[in-house]
J.: 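Starting off with a structure, shown below.
Values below: every heavy atom of this structure, side chains too, minus hydrogens, waters and symmetry copies. Chain letters run A, B, ... following the sequence lines, proteins first and then strands; every chain starts at 1.
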Number of protein chains: 2
Amino acid sequence: MSVTGDATERLMRIGEVARAAGVSVRAVRYYEQQGLLTAERSPSGQRLYRPDAIAMVRFFQQMFAAGLTSRRITELLPCWDSGHTDAGQRAMLRVERERLQARIDDLEAARDRLDQVIAITDTHP
Amino acid sequence: MSVTGDATERLMRIGEVARAAGVSVRAVRYYEQQGLLTAERSPSGQRLYRPDAIAMVRFFQQMFAAGLTSRRITELLPCWDSGHTDAGQRAMLRVERERLQARIDDLEAARDRLDQVIAITDTHP
DNA sequence: CTTGCCTCTGACGCCGACGTCAGGTTTTAG
DNA sequence: CTAAAACCTGACGTCGGCGTCAGAGGCAAG
């Protein structure tokens with residue numbers, strides 16, 4: 001524990017990050033390839049991640065589940081990891097939020113439709 | 001209008017179905033290829049659809065939006081267009097309903113996450 | 001008859017988030 | 001020291017719902 005804030009001991013390799021976040025190693029490499037996640041490198045070339053990488057990966061998963069592409073996520077990342085955002089970025093955030101809400105509405109409509117079918121099949125056995 | 005229920009005049013060709021349902025002609029052909037939709041054929045080989053085909057296509061779109069594959073939809077179709085369903089089919093319906101609900105929950109979580117980011121970026125301009 | 005739109009059957013292309021295999025280096029456990 | 005496990009860089013494969021192009025018929029109007 002150095003006073004300089006050197007946190008070398010806390011760096012993780014890719015496997016640990018992947019396991020902790022519940023994704024494959026391949027997925028983590030893919031995120032880096034898409035510019036979502038950066039890692040330091042050990043002298044031998046292995047990726048070294050700081051602890052917050054796990055939260056990042058989970059965040060990516062959540063956004064993927066929301067239907068965002070990695071490209072779109074890279075555009076929104078400045079809103080996430082920096083304090084200052086411009087009006088355009090905030091607008092994009094809201095656009096995505098609306099898109100997401102629309103998808104939720106669609107899914108709920110589909111669910112209700114399924115419920116109708118279920119109700120019919122249950123009353124007509 | 002014959003008493004025999006002959007509704008030949010009401011048959012539509014593929015373009016009309018596609019336009020009415022808001023999808024492409026290609027999509028309607030694809031549904032047939034996947035076993036989702038059947039059509040009669042004119043002597044020259046053109047597809048002829050009955051009016052309810054439009055509702056079917058809309059239903060497919062809704063299920064696609066819900067994340068179901070065409071394969072899965074074909075398995076569930078007997079629940080839809082026939083009166084009698086077996087226990088297995090009703091179980092599948094419920095499985096899909098639960099899957100769908102889970103996806104909705106995921107999306108709502110993602111939306112809330114986005115809202116957090118939006119709140120942060122709005123208070124840190 | 002011809003013009004112009006509609007339809008037909010293949011069959012290849014696309015996108016996005018990885019899976020997977022190949023062939024090689026590095027780290028770790030015993 | 002050695003063997004297993006983990007890591008590396010390409011690069012090709014996958015899946016699903018179509019888009020799109022090619023080449024060939026069909027159908028009502030003027």
Side-chain angles (χ1 to χ4, degrees), chain A residues 8-9 11-49 53 56-77 96 99 103 106-107 110, chain B residues 8-9 11-49 53 56-77 96 99 103 106-107 110:
Chain A
T8 303
E9 299 170 15
L11 292 179
M12 300 173 296
R13 293 190 306 172
I14 196 170
E16 192 174 349
V17 173
R19 249 174 297 124
V23 302
S24 69
V25 167
R26 175 69 173 92
V28 179
R29 288 203 197 99
Y30 175 75
Y31 301 156
E32 177 172 336
Q33 196 177 353
Q34 301 305 306
L36 290 173
L37 196 57
T38 59
E40 302 172 38
R41 294 296 184 125
S42 76
S44 67
Q46 299 202 343
R47 293 170 178 85
L48 297 177
Y49 297 90
M56 297 287 288
V57 170
R58 292 213 177 103
F59 178 69
F60 299 152
Q61 287 289 112
Q62 210 161 20
M63 293 303 108
F64 287 145
L68 301 195
T69 67
S70 52
R71 185 149 210 48
R72 205 83 179 114
I73 299 178
T74 57
E75 294 170 357
L76 297 179
L77 266 190
E96 287 304 333
R99 223 193 283 286
R103 287 203 58 194
D106 282 352
L107 291 200
Chain B
T8 303
E9 298 168 15
L11 292 179
M12 299 174 297
R13 295 191 303 174
I14 196 171
E16 193 175 349
V17 173
R19 248 174 297 125
V23 304
S24 70
V25 167
R26 176 68 174 95
V28 178
R29 288 203 197 98
Y30 175 74
Y31 301 156
E32 178 173 336
Q33 196 177 351
Q34 302 303 308
L36 290 174
L37 196 57
T38 59
E40 302 172 38
R41 294 298 184 121
S42 75
S44 66
Q46 299 201 343
R47 292 172 178 83
L48 297 177
Y49 297 91
M56 298 286 288
V57 171
R58 292 211 178 105
F59 178 69
F60 299 152
Q61 287 289 111
Q62 209 162 21
M63 293 303 109
F64 288 145
L68 301 195
T69 67
S70 53
R71 186 150 210 46
R72 205 84 179 114
I73 298 177
T74 58
E75 295 171 356
L76 298 178
L77 266 189
E96 287 304 333
R99 224 194 285 285
R103 289 202 57 196
D106 282 352
L107 291 201

J.: With sequence neighbours left out, which residue pairs that include part of residues 61-72 of chain A fulfil the salt bridge (Lys or Arg N to Asp or Glu O under 4.0 Å) condition?
T.: Arg72(A)-Glu75(A), Arg72(A)-Glu96(A)
J.: Using a 4.0 Å cut-off to any heavy atom of chain A, which nucleotides of DNA chain C are the first and last in contact, reading 5' to 3'?
T.: dA17(C) to dT27(C)
J.: Minimum heavy-atom separation for Ser70(B) to Gln34(B), with atom names?
T.: OG-OE1, 3.6 Å
J.: With sequence neighbours left out, write down each residue that passes ring-ring contact (aromatic ring centres under 6.0 Å, His included) with Tyr31(B), or none if nothing qualifies.
T.: Phe60(B), Phe64(B)
J.: From Tyr49(B) OH over to Glu40(B) CD, what is the distance, rounded to the nearest 0.5 angstrom?
T.: 11.0 Å
J.: Begin from the C-alpha positions of Glu32(A) and Val28(A) and carry the test side-chain contact (heavy atoms from CB on, under 4.5 Å) through to its verdict.
T.: CA-CA 7 Å; Glu32(A) 177 172 336; Val28(A) 179; over 6 Å; no
J.: In whole angstrom, give the distance that lies between atom CD of Glu16(A) and atom C1' of dA5(D).
T.: 15 Å
J.: Using the side chain to side chain contact (heavy atoms under 4.5 Å, CB included) definition, which of the options Leu36(A), Leu37(A), Thr38(A) pairs with Met56(A)?
T.: Leu37(A)
J.: Please list, pair by pair, any protein nitrogen or oxygen found under 3.5 Å from a nitrogen or oxygen in nucleotides 24-28 of chain D.
T.:
from	atom 1	to	atom 2	distance (Å)
dC27(D)	OP1	Ser44(B)	OG	3.2

J.: Looking only at non-hydrogen atoms, find the nearest pair between Gln62(A) and Ala110(B) and report the distance.
T.: O-CB, 3.7 Å
J.: What is the minimum heavy-atom distance between Thr74(A) and Gly35(A), and which atoms define it?
T.: CG2-O, 3.9 Å
J.: Show every donor-acceptor pair shorter than 3.5 Å between a side-chain atom in residues 12-21 of chain A and any protein atom, with sequence neighbours excluded, or say none if there are none.
T.:
from	atom 1	to	atom 2	distance (Å)
Arg13(A)	NH1	Gln46(A)	OE1	3.1

J.: Which parts of nucleotides 12-20 of chain D does protein reach within less than 4.0 Å, heavy atoms only, written one letter per nucleotide 5' to 3' as B for base, S for sugar-phosphate only and - for none?
T.: -----BBBB
J.: Considering every strand and a 4.0 Å limit on heavy-atom distances, what is the contact class for Arg41(A): base, sugar-phosphate, or nothing?
T.: sugar-phosphate
J.: Which heavy atom of Arg47(A) sits nearest to which heavy atom of Ala39(A), and what is that distance?
T.: CB-CB, 4.0 Å
